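Beneath this line is the structure, given in structure tokens, with notes to follow.
Here the structure is a predicted model, which means the values were calculated and not measured.
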Amino acid sequence: MKTIDQIAAELQGYDPQALPAQSVAAFLKKLVQPVQDSMELPLFEAFGKVLAQDVMSHLDVPPHDNSAMDGYAFDGKQLIQANQHQTTLALRVVGTALAGKAWSLAVGPGECVKIMTGAVMPVGLDTVAPQELVDVTGPGGSTIAIKPGLLKAGDNRRLRGEDLARGTPALRRGERLNPARLGLAASLGLANLKVRRPLRVAYFSTGDEILSLGEPPREGAVYDSNRYTVWGLLRQMGCEVIDMGVVRDEPTLLEEAFKAAAVRADAIITSGGVSVGEADFTKAMMKKLGDVAFWRVAMRPGRPMAVGRIQVSDRQAQSPEKSAILFGLPGNPVAVMVTFLAFVRPALLQMMGCTDPEPPLLKAYSLDIIRKKPGRTEYQRGWVETTPAGRLQVRVTGDQGSGVLRSMAQANGLIVLHHGQGNVAAGEAVDVMMFDGVI
Ligand code: AMP
Ligand code: MG
């Protein structure tokens with residue numbers, strides 16, 4: 001396990017007083033490790049968790065060639081001549097193949113079998129004429145006619161193993177079990193999957209001016225909103241949240257809270273108390289109990305941040321030393337969300353064992369002029385939508401003041417203005433990081 005100083009020494013141009021956002025991400029990548037414990041869970045419970053092993057297909061899916069349409073199955077060789085000579089192919093219907101009930105008798109030239117979607121292709125037949133493409137000619141639907149040029153051999157047949165071929169990888173370790181992956185595992189008949197255990201994340205708010213819900217309003221005090229946004233962000237990721245409420249700015253209370261959090265959790269998130277000139281004990285306690293770096297990040301919003309490890313000796317646990325990764329976020333509600341989405345989320349995903357923790361950036365056209373100074377990364381709250389012409393566009397959602405949570409509530413993504421970037425003209429393409437509607 002590398003110390004904060006060792007990691008810092010590995011980074012080029014590490015300056016804790018003006019740390020570029022990219023360096024924060026690089027630092028966190030070196031700091032965190034995936035949790036190692038795994039467990040076998042039934043599929044529904046495995047939803048949202050991270051696979052602890054590759055899943056190989058032990059079956060072909062689908063297990064047999066089958067029809068992709070409702071129609072008529074026949075031997076496609078007969079189309080070659082008919083198409084060449086522009087003649088209609090007439091076929092006699094000799095029976096019906098249903099999904100789950102195969103047609104097992106031989107089908108000869110000039111014959112076909114009525115077939116439903118998903119039904120096994122009768123032996124020797126490779127082509128399905130969809131019912132809307134054929135003319136039913138004989139009495140009681142006993143013959144059909146297929147006009148030339150509409151079909152070729154092999155059409156509308158799904159091949160055995162075309163979804164998953166036996167012996168090939170279906171899912172990879174490190175993939176999060178989203179709905180499609182859960183369905184894919186189920187298509188192999190797997191009732192259980194081996195997943196990493198969920199991450200346990202403890203959260204508390206600090207600051208003497210912070211009121212818990214239920215307390216009466218008080219002069220100079222504000223309600224604790226961070227606890228709720230962080231809870232929501234963690235739950236969206238499938239973390240187990242240990243909610244520790246508001247901790248008053250008092251050394252004994254802070255020490256107790258940090259220690260309890262470090263014993264129980266893999267990661268501790270706090271908000272408040274990391275700004276320069278804070279008249280509080282939060283930073284002092286982080287220093288006392290752990291190996292922690294204090295940064296001024298070259299970003300807006302969200303400049304102050306503390307990151308490291310909190311260590312405690314745990315007499316109850318088997319290992320005498322227990323540590324948890326610390327993310328000390330600024331107090332500002334908008335800064336909390338931005339630093340969480342930009343840095344904490346990818347780091348936690350890495351701890352969850354995800355192999356793909358970085359959020360994708362999309363390109364959207366800015367409807368607004370945006371002022372931006374080069375030399376820091378700025379995040380603006382934006383509403384991203386698709387125009388009728390199919391372009392992504394984004395508009396800034398009103399007041400971008402760092403204390404204005406309303407414009408965050410009206411946004412579905414963050415406009416990411418990179419370190420070196422300057423002003424943005426209206427109509428210019430910008431990067432956006434979606435946080436709603438995609439994840
Ligand atoms: P700080 O980082 O402690 O200087 O806090 C910056 C600003 O965020 C101050 O206006 C605080 O009152 C506010 N703030 C801090 N913690 C919270 C919280 N948990 N909920 C809402 N606002 C907060
Ligand atoms: Mg404060």
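Environment of NZ in K49: crowded, with over 12 heavy atoms of neighbouring residues, nucleotides or ligands closer than 6.0 Å. Counting non-hydrogen atoms of other residues, nucleotides and ligands closer than 6.0 Å to CD of Q22 gives a total of 12 or fewer. Dense packing is recorded around CG of L98, with more than 12 heavy atoms of other residues, nucleotides or ligands lying under 6.0 Å away.
Electrostatic pairing of R157 and D126 does not count as a salt bridge here, judged by no charged N lying under 4.0 Å from a carboxylate O.
In plain terms, the two heavy atoms of G273 and T206 that are nearest each other are N-OG1, 3.8 Å. Across all non-hydrogen atoms, the minimal contact from A429 to K363 is CB-CD, 3.9 Å. Scanning both residues, G382 and V394, for their nearest heavy atoms gives CA-CG2, 3.9 Å. Contact detail for M286 and A306: the closest heavy-atom pair is SD-CB, 3.8 Å. Here the shortest heavy-atom pairing between A102 and V120 reads CB-CB, 4.1 Å. Contact between A185 and L193 at its shortest, heavy atoms only, is CB-CD1, 3.8 Å.
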Identify all side-chain donor-acceptor contacts of residues 147-154 below 3.5 Å with residues at least two apart in sequence or on another chain.
{"residue": "K147", "atom": "NZ", "partner": "D135", "partner atom": "OD2", "Å": "3.0"}
{"residue": "K152", "atom": "NZ", "partner": "D155", "partner atom": "OD1", "Å": "3.1"}

Donor-acceptor contacts under 3.5 Å from residues 348-358 side chains, at least two apart:
{"residue": "Q350", "atom": "NE2", "partner": "K29", "partner atom": "O", "Å": "3.2"}
{"residue": "T355", "atom": "OG1", "partner": "G174", "partner atom": "O", "Å": "3.4"}

Kindly list each side-chain donor-acceptor pair under 3.5 angstrom involving residues 262-272, sequence neighbours excluded, with atom names and distances?
{"residue": "D266", "atom": "OD1", "partner": "R197", "partner atom": "NH2", "Å": "2.8"}
{"residue": "D266", "atom": "OD2", "partner": "R197", "partner atom": "NH1", "Å": "2.9"}
{"residue": "D266", "atom": "OD2", "partner": "R200", "partner atom": "N", "Å": "2.7"}
{"residue": "S271", "atom": "OG", "partner": "Y203", "partner atom": "OH", "Å": "2.9"}
{"residue": "S271", "atom": "OG", "partner": "N226", "partner atom": "ND2", "Å": "3.1"}

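Distance check, rounded to the nearest 0.5 Å: CZ of R345 to CZ of F340 gives 7.5 Å. How far CG of D65 is from CE of M121: 7.0 Å, rounded to the nearest 0.5 Å. The CD atom of Q400 sits 14.5 Å away from atom CZ of R371, with the distance rounded to the nearest 0.5 Å. Rounded to the nearest 0.5 angstrom, F74 CZ and I146 CD1 are separated by 4.0 Å. For the atom pair S313 OG and E321 CD, the distance stands at 6.0 Å (nearest 0.5 Å). Going from atom OH of Y379 over to atom CG of L417 covers 9.5 Å, rounded to the nearest 0.5 Å.
A 4.5 Å side-chain heavy-atom check between V292 and V307 finds every atom pair outside the cut-off. Residues L190 and H58 form a side-chain contact, since some pair of their non-hydrogen atoms from C-beta on lies under 4.5 Å apart. Considering only heavy atoms from C-beta on, I370 comes within 4.5 Å of V396 through its side chain. Taking 4.5 Å as the limit, some side-chain heavy atom of F327 sits within range of a side-chain heavy atom of L28. When side chains are defined from C-beta on, M305 does not count as touching V274, because their heavy atoms never get closer than 4.5 Å. Contact of the K30 side chain with the L11 side chain is registered, since non-hydrogen atoms from C-beta on lie closer than 4.5 Å. Side chains of P359 and P346 form a contact here, defined as non-hydrogen atoms less than 4.5 Å apart.
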| request: Decide yes or no on side-chain contact (heavy atoms from CB on, under 4.5 Å) for R227 and L213, but give the supporting numbers first. | output: CA-CA 10 Å; R227 182 175 168 195; L213 299 189; over 6 Å; no

| query | How far apart are the C-alpha atoms of M299 and V338, what are their side-chain angles, what is the distance that settles it, and do they pass the side-chain contact (heavy atoms from CB on, under 4.5 Å) test? | reply | CA-CA 10 Å; M299 70 187 292; V338 168; 3.9 Å; yes

| task | With side-chain contact (heavy atoms from CB on, under 4.5 Å) as the test, would you mind laying out the steps for V195 and E45 before giving the verdict? | result | CA-CA 10 Å; V195 295; E45 285 173 48; over 6 Å; no

| query | Would D208 and R248 count as a side-chain contact (heavy atoms from CB on, under 4.5 Å) if you check the C-alpha gap in whole Å, the side-chain angles of each, and the deciding distance to 0.1 Å? | reply | CA-CA 6 Å; D208 282 346; R248 279 213 326 276; 3.9 Å; yes

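One N or O on the side chain of N178 and one on the backbone of A180 form a donor-acceptor pair closer than 3.5 Å. Formation of a donor-acceptor pair under 3.5 Å by the D60 side chain with backbone atoms of P62 is not found in this model. Counting only distance, with no hydrogens or angles, the side chain of D224 and the backbone of S212 share no donor-acceptor pair below 3.5 Å. D249 places a side-chain N or O within 3.5 Å of a backbone atom of F281 that can act as its donor or acceptor partner. Distance alone, capped at 3.5 Å, places no donor-acceptor pair between the S205 side chain and the V246 backbone. Side-chain atoms of S67 never come within 3.5 Å of backbone atoms of A119 as a donor-acceptor pair (strictly under, hydrogens ignored). Remark: the backbone N or O of E10 is not paired with any side-chain donor or acceptor of Q12 at under 3.5 angstrom. In this structure, N156 contributes its side chain and A68 its backbone to no donor-acceptor pair below 3.5 Å. Side chain of D368 to main chain of S366: no donor-acceptor pair is present (N/O by atom type, distance under 3.5 Å, no hydrogens or angles). No side-chain donor-acceptor contact under 3.5 Å links Q53 to the backbone of L51.
The stretch residues 285-296 participates, sequence neighbours left out, in these side-chain hydrogen bond (donor to acceptor under 3.5 Å, both in side chains) pairs: Y14-W295, E255-K288. Residue pairs meeting the salt bridge (charged side-chain N to carboxylate O under 4.0 Å, His left out) criterion with at least one member in residues 175-196, sequence neighbours excluded: E175-R181. For residues 418-429, the set of pairs meeting the side-chain hydrogen bond (donor to acceptor under 3.5 Å, both in side chains) definition, not counting sequence neighbours, comprises H418-D431. Legend: ring pair (Phe, Tyr, Trp, His ring centres under 6.0 Å) pairs involving residues 256-276, not counting sequence neighbours, sorted by first then second residue: F204-F258. Counting only residues at least two apart or in different chains, salt bridge (charged side-chain N to carboxylate O under 4.0 Å, His left out) contacts with residues 372-388 comprise R376-E378.
Residues meeting the side chain to side chain contact (heavy atoms under 4.5 Å, CB included) test with L182, sequence neighbours left out: L43, F47, L177. Scanning for side chain to side chain contact (heavy atoms under 4.5 Å, CB included) contacts around V61 gives D163, L164, S187, L188, with sequence neighbours left out. Not counting sequence neighbours, the partners of R406 by the side chain to side chain contact (heavy atoms under 4.5 Å, CB included) test are V404, Q410. By the side chain to side chain contact (heavy atoms under 4.5 Å, CB included) test, P63 pairs with no residue at all, sequence neighbours left out.
Just one of L289, T3, L326, L31 meets the side chain to side chain contact (heavy atoms under 4.5 Å, CB included) condition when paired with R309; it is L31.
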